[in-house]
Amino acid sequence: MIAGIGVDLVDVPRFEAHLARTPRLRERLFSPAERVLKPRSLAARYAAKEALIKALGGSDGVHWTEIEVTAEESGRPWFTLSGRTAATVAARGITTLHLSLSHDAGLAAAYVVAESAAP
């Protein structure tokens, strides 16, 4: 059953400017593995994390660096959750998260569907 849906859109040049102005932003928002990525990839991951928070219905118990967007061998994006965030998602009854990312024309978009096992 669908428990929540979230979508987010990020202006990539504006996001790059934020990263340049606030160097510690990478540490506050991204896991160590994500921090080495190019700004447009970080913008998409930021959108994914925002969309996840929307799908969950709020940010209580969710920590940015405990949400990592990884890729399967096929390239399909996936959330890898850890720490308190993983526990919070499980406690909310979420069993599966679906993630779609896209970037084009200076925009990065993310769409998340959260599923639970029971109504």
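Keep in mind that what you see is a predicted model, and the values were worked out from it rather than measured.
Neither Val10 nor Tyr111 shares a network with the other; the hydrophobic side chains, linked directly or stepwise wherever heavy atoms of I, L, V, M, F, W or Y lie under 4.5 Å apart, form separate groups for each. Under the 4.5 Å side-chain contact rule for hydrophobic residues, Leu42 and Ile53 share a cluster. Hydrophobic cluster membership differs between Val7 and Leu99, with clusters built from Ile, Leu, Val, Met, Phe, Trp and Tyr side chains linked at under 4.5 angstrom.
Residues Asp60 and Arg92 meet the side-chain proximity criterion, which asks for heavy atoms closer than 4.5 Å. Contact annotation: the side chain of Leu97 never approaches that of Trp78 to less than 4.5 Å [non-hydrogen atoms, C-beta and beyond]. The side-chain heavy atoms of Val69 and Phe79, taken from C-beta on, include a pair separated by under 4.5 Å. At least one side-chain heavy atom of His98 sits less than 4.5 Å from a side-chain heavy atom of Arg76. Contact of the Leu37 side chain with the Arg45 side chain is registered, since non-hydrogen atoms from C-beta on lie closer than 4.5 Å. Put simply, the side chain of Leu81 reaches to within 4.5 Å of the side chain of Leu52, judged on heavy atoms. In this structure the side chain of Thr88 never reaches within 4.5 angstrom of the side chain of Leu56, judged on heavy atoms. At a threshold of 4.5 Å between non-hydrogen side-chain atoms, the residues Leu19 and Arg26 count as touching.
No more than 12 heavy atoms of other residues, nucleotides or ligands lie within 6.0 Å of CZ in Arg14, so this atom counts as exposed by the packing criterion.
Remark: the backbone N or O of Thr85 is paired with a side-chain donor or acceptor of Glu66 at under 3.5 angstrom.
The two residues Ala33 and Glu68 come nearest to each other via the heavy atoms CB-OE2, 3.4 Å. Contact record, Asp11 with Pro13: OD1-CD, 3.1 Å, taken as the closest heavy-atom pair. Between Leu29 and Lys49, the shortest heavy-atom contact is O-NZ, 2.7 Å. A pairwise comparison of heavy atoms in Arg40 and Glu16 identifies N-OE2, 4.3 Å as the closest pair. Contact between Ala108 and Ala43 at its shortest, heavy atoms only, is CB-C, 3.9 Å. Shown here for Gly93 and Ser116, the closest heavy-atom pair between the two residues is O-CB, 3.1 Å.
Within the model, atoms CZ of Arg35 and OG1 of Thr65 stand 7.0 Å from one another, a figure rounded to the nearest 0.5 Å. Of the inter-residue distances, the one linking Lys54 atom NZ with Ile5 atom CD1 reads 13.0 Å to the nearest 0.5 angstrom. Within the model, atoms CD1 of Ile94 and CD of Glu115 stand 9.0 Å from one another, a figure rounded to the nearest 0.5 Å. Atoms CD and OG1, from Glu27 and Thr22 in turn, are 12.0 Å apart once rounded to the nearest 0.5 Å.
Here Leu107 is tied into one hydrophobic group with Leu9, each link being a pair of ILVMFWY side chains closer than 4.5 Å.
Ring geometry for Trp64 against Tyr46 counts as parallel: the plane angle stays under 30°, on a 0 to 90° scale with 60° as the upper cut.
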